[in-house]
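Predicted, not measured: the structure shown is a model, and the values here were computed from it.
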Amino acid sequence: MKLRHVLSFTLFLSVLGLAPAHAAETRVVSGVSAYYRVDLGYLVGWTLPADTKGITTYTVTANPGGKTCLASSIALKCAFTNTALGFTNTYTFTVVANTAAGDGPVSAPSNAIKAASIPYAPLTALAKATSDTSVDVEWVPNQNDGGSPMYGYTITWWPSSASGDPIGNEQKQIVATTTRASLTGLKPSTMYIINVASCNAYGCNSADRWVYVSTTGTAGLSKIKPPVVISGGSATTTCWNAIWDAGTAASTGSTFTRSTTKCPGITLDPALYPKIDPTAINSKMAPLATKFAQSASFMGFSKTYSMKEWAATGGNNWYAYFSASSKSVTLGFTTPYTVISITPTVCTVADRWVKFLAPGECILNGSVAGNDIWLPSPVAVGRFTIIP
């Protein structure tokens, strides 16, 4: 067939709407994936079209609602803030490649995603010594599970120092699947500080609502005076017209008054308690079609550190501040990370703690493995000089 006949035939097909599309087909965005995290919002990623020539931007649309996010021509992700989309709906996202001549086809929708976070904290627990070495604890949970099944309640307890602070190296924890627990193996005549946190796959929330209780014993009750905490009040509260200060160990008493308004009780029907699924420790999410690239970096380095000053501390380990995109504000590192010294005669690393060995340049390499959501990070390099 002669060239002019081919052109005429193509034009004829075009008039009929049957001409094969070329530019539009090669500008189809694929692998659209969505991920939600409290500190990131709704993160949407995709795979670039086979033909990126002439693409100026990408438009990402959230459904339902139709709100959009505009990304540059070389971008592989776009983020919607919590303020933009809120926490109620389950969303899918589509992406379109924009060109000066027009927009490409709409991509297939992403996986469905809904906002979730750590659960709300329970009310301050009640605690009672049941023997010289045991304490029973009970609490009323908040029915808000953060949008993700709770796996239980983490009870943390410490003996108290003379100043009333927790003795951190004697901290102990258990996870309960009911709203009560018995703490055993405690020291007689000792003040304990107890905290109860609600936990799901996104983390735990306790709101620092500590309760203080003293065990009994042959020496009698602990002489440390625990703080008294009244929670639930606000600037608009009418039930109490004064706040009771916890006082100090020297306090002999305190007075507060109650308003004439009847105080409403704080109750929650046990049938409304959050459901507990002990297996819900990790967020269950299928591998994304397109994983997100992540960065890694060291932070907080000074240019030099003194061997003499470090030794004067008794040789305390120095912490290598390392971070990566996959590190969550509520869970920390959820994928394995590695921090090593490539100058082992100058410095060594044990689980991100750095020990100075000799003067010279200390060089650290850090990286984070990938998972179903994140690609492995590149290697980050941190360096500083150790002087005598």
Student: Is there side-chain contact between Lys303 and Thr385, with at least one heavy-atom pair below 4.5 Å?
Tutor: no

Student: Quick check on the hydrophobic clustering: are Leu123 and Leu126 connected, directly or via other members, by side-chain heavy-atom contacts under 4.5 Å?
Tutor: no

Student: Just verifying a value: how many Å separate Cys78 SG and Phe93 CZ, rounded to the nearest 0.5 Å?
Tutor: 10.0 Å

Student: Walk me through it: do Trp310 and Lys355 pass the test side-chain contact (heavy atoms from CB on, under 4.5 Å)?
Tutor: CA-CA 9 Å; Trp310 179 77; Lys355 184 176 182 179; 3.6 Å; yes

Student: Indicate yes or no: at least one non-hydrogen side-chain atom of Tyr151 is less than 4.5 angstrom from one of Thr177.
Tutor: no

Student: Looking only at heavy atoms, which two atoms of Val354 and Cys347 are closest? And how far apart?
Tutor: CG1-CB, 4.0 Å

Student: Please report the interatomic distance CH2(Trp157) to CH2(Trp210), rounded to the nearest 0.5 Å.
Tutor: 15.5 Å

Student: Do you know the tightest heavy-atom contact between Trp139 and Arg180?
Tutor: CH2-N, 3.4 Å

Student: Look only at the side chain of Asp145 and the backbone of Lys275, and say whether a donor-acceptor pair between them is shorter than 3.5 Å.
Tutor: no

Student: State, with a plain yes or no, whether a side-chain heavy atom of Tyr305 is found less than 4.5 Å away from one of Phe384.
Tutor: yes

Student: Locate the shortest heavy-atom distance separating Asn111 from Ser33; write the atom from each residue and the value.
Tutor: OD1-CA, 3.4 Å

Student: Looking only at heavy atoms, what is the nearest atom pair of Ser182 and Asp136, with distance?
Tutor: OG-OD1, 2.7 Å

Student: Taking the six-membered ring where the residue is Trp, are the ring centres of Phe80 and Tyr91 under 6.0 Å apart?
Tutor: no

Student: Is the shortest side-chain heavy-atom distance between Ile55 and Pro49 below 4.5 Å?
Tutor: yes

Student: Yes or no on side-chain contact (heavy atoms from CB on, under 4.5 Å) for Thr81 and Tyr42, after CA distance, side-chain angles and deciding distance?
Tutor: CA-CA 6 Å; Thr81 65; Tyr42 299 81; over 6 Å; no

Student: Just one of Thr154, Asn195, Thr156 clears the side-chain hydrogen bond (donor to acceptor under 3.5 Å, both in side chains) bar with Ser206, so which one?
Tutor: Asn195

Student: Has Arg209 got a side-chain atom pairing as donor or acceptor with Pro122's backbone, closer than 3.5 angstrom?
Tutor: yes

Student: If you count every heavy atom of other residues, nucleotides or ligands that lies below 6.0 Å from Glu309 atom CD, does the total exceed 12?
Tutor: no

Student: Would you say Ser302's side chain and Thr304's backbone share a donor-acceptor pair under 3.5 angstrom?
Tutor: no

Student: With side-chain contact (heavy atoms from CB on, under 4.5 Å) as the test, would you mind laying out the steps for Phe292 and Leu76 before giving the verdict?
Tutor: CA-CA 8 Å; Phe292 295 99; Leu76 293 172; over 6 Å; no

Student: Would Val95 end up clustered with Leu40 when hydrophobic side chains under 4.5 Å apart are linked, directly or stepwise?
Tutor: yes

Student: Write down the atom of Ser198, the atom of Met150, and the distance for their closest heavy-atom approach.
Tutor: CB-CE, 3.7 Å

Student: Determine, using the 4.5 Å side-chain heavy-atom cutoff (strictly less than), whether Val32 and Leu48 are members of one ILVMFWY cluster.
Tutor: yes

Student: Can you tell me how far the OH atom of Tyr321 sits from the CG atom of Leu364, to the nearest 0.5 Å?
Tutor: 13.5 Å

Student: Do Val349 and Ile340 have side chains that approach each other closer than 4.5 Å (heavy atoms only, starting at C-beta)?
Tutor: no

Student: Between atom OG1 of Thr215 and atom OH of Tyr192, what is the distance when rounded to the nearest 0.5 Å?
Tutor: 6.0 Å

Student: Please say yes or no: joined through hydrophobic side-chain contacts below 4.5 Å, possibly via intermediate residues, are Met285 and Phe87 part of one cluster?
Tutor: yes

Student: Examine Ile276 and Tyr202 and state if one hydrophobic cluster contains both, with Ile, Leu, Val, Met, Phe, Trp and Tyr joined whenever side-chain heavy atoms are less than 4.5 Å apart.
Tutor: no

Student: Is the closest side-chain donor-acceptor distance between Thr56 and Asn98 under 3.5 Å?
Tutor: no

Student: Starting at CD of Gln294, measure out to OG of Ser367 and round the result to the nearest 0.5 Å.
Tutor: 9.5 Å

Student: Is the shortest side-chain heavy-atom distance between Val346 and Leu357 below 4.5 Å?
Tutor: no

Student: Is the shortest side-chain heavy-atom distance between Val368 and Phe322 below 4.5 Å?
Tutor: yes

Student: Would you check if there is a donor-acceptor pair between the side chains of Trp158 and Gln171 at a distance under 3.5 Å?
Tutor: yes

Student: Could you tell me whether the side chains of Thr290 and Thr47 share a donor-acceptor contact shorter than 3.5 Å?
Tutor: yes

Student: For a side-chain contact (heavy atoms from CB on, under 4.5 Å) check, start with the C-alpha distance between Thr59 and Asp103, then their side-chain angles and the critical distance, and finish with the verdict.
Tutor: CA-CA 9 Å; Thr59 299; Asp103 299 338; over 6 Å; no

Student: Atom NZ in Lys327, atom CZ in Arg37: separation rounded to 0.5 Å?
Tutor: 10.5 Å

Student: Check the side chains of Ser295 and Ser325 for a donor-acceptor pair under 3.5 angstrom, ignoring hydrogens and angles.
Tutor: yes

Student: Testing the 3.5 Å rule here: is there a donor-acceptor pair between the side chains of Thr335 and Asn371?
Tutor: no

Student: Heavy-atom distance under 4.5 Å between the side chains of Val60 and Trp46, does that happen here?
Tutor: yes

Student: Over all heavy atoms of both residues, which pair between Ser323 and Phe333 is shortest? Give the atoms and the distance, please.
Tutor: CA-CZ, 4.0 Å

Student: Are any side-chain N or O atoms of Thr57 and backbone N or O atoms of Leu70, one a donor and one an acceptor, separated by less than 3.5 Å?
Tutor: no

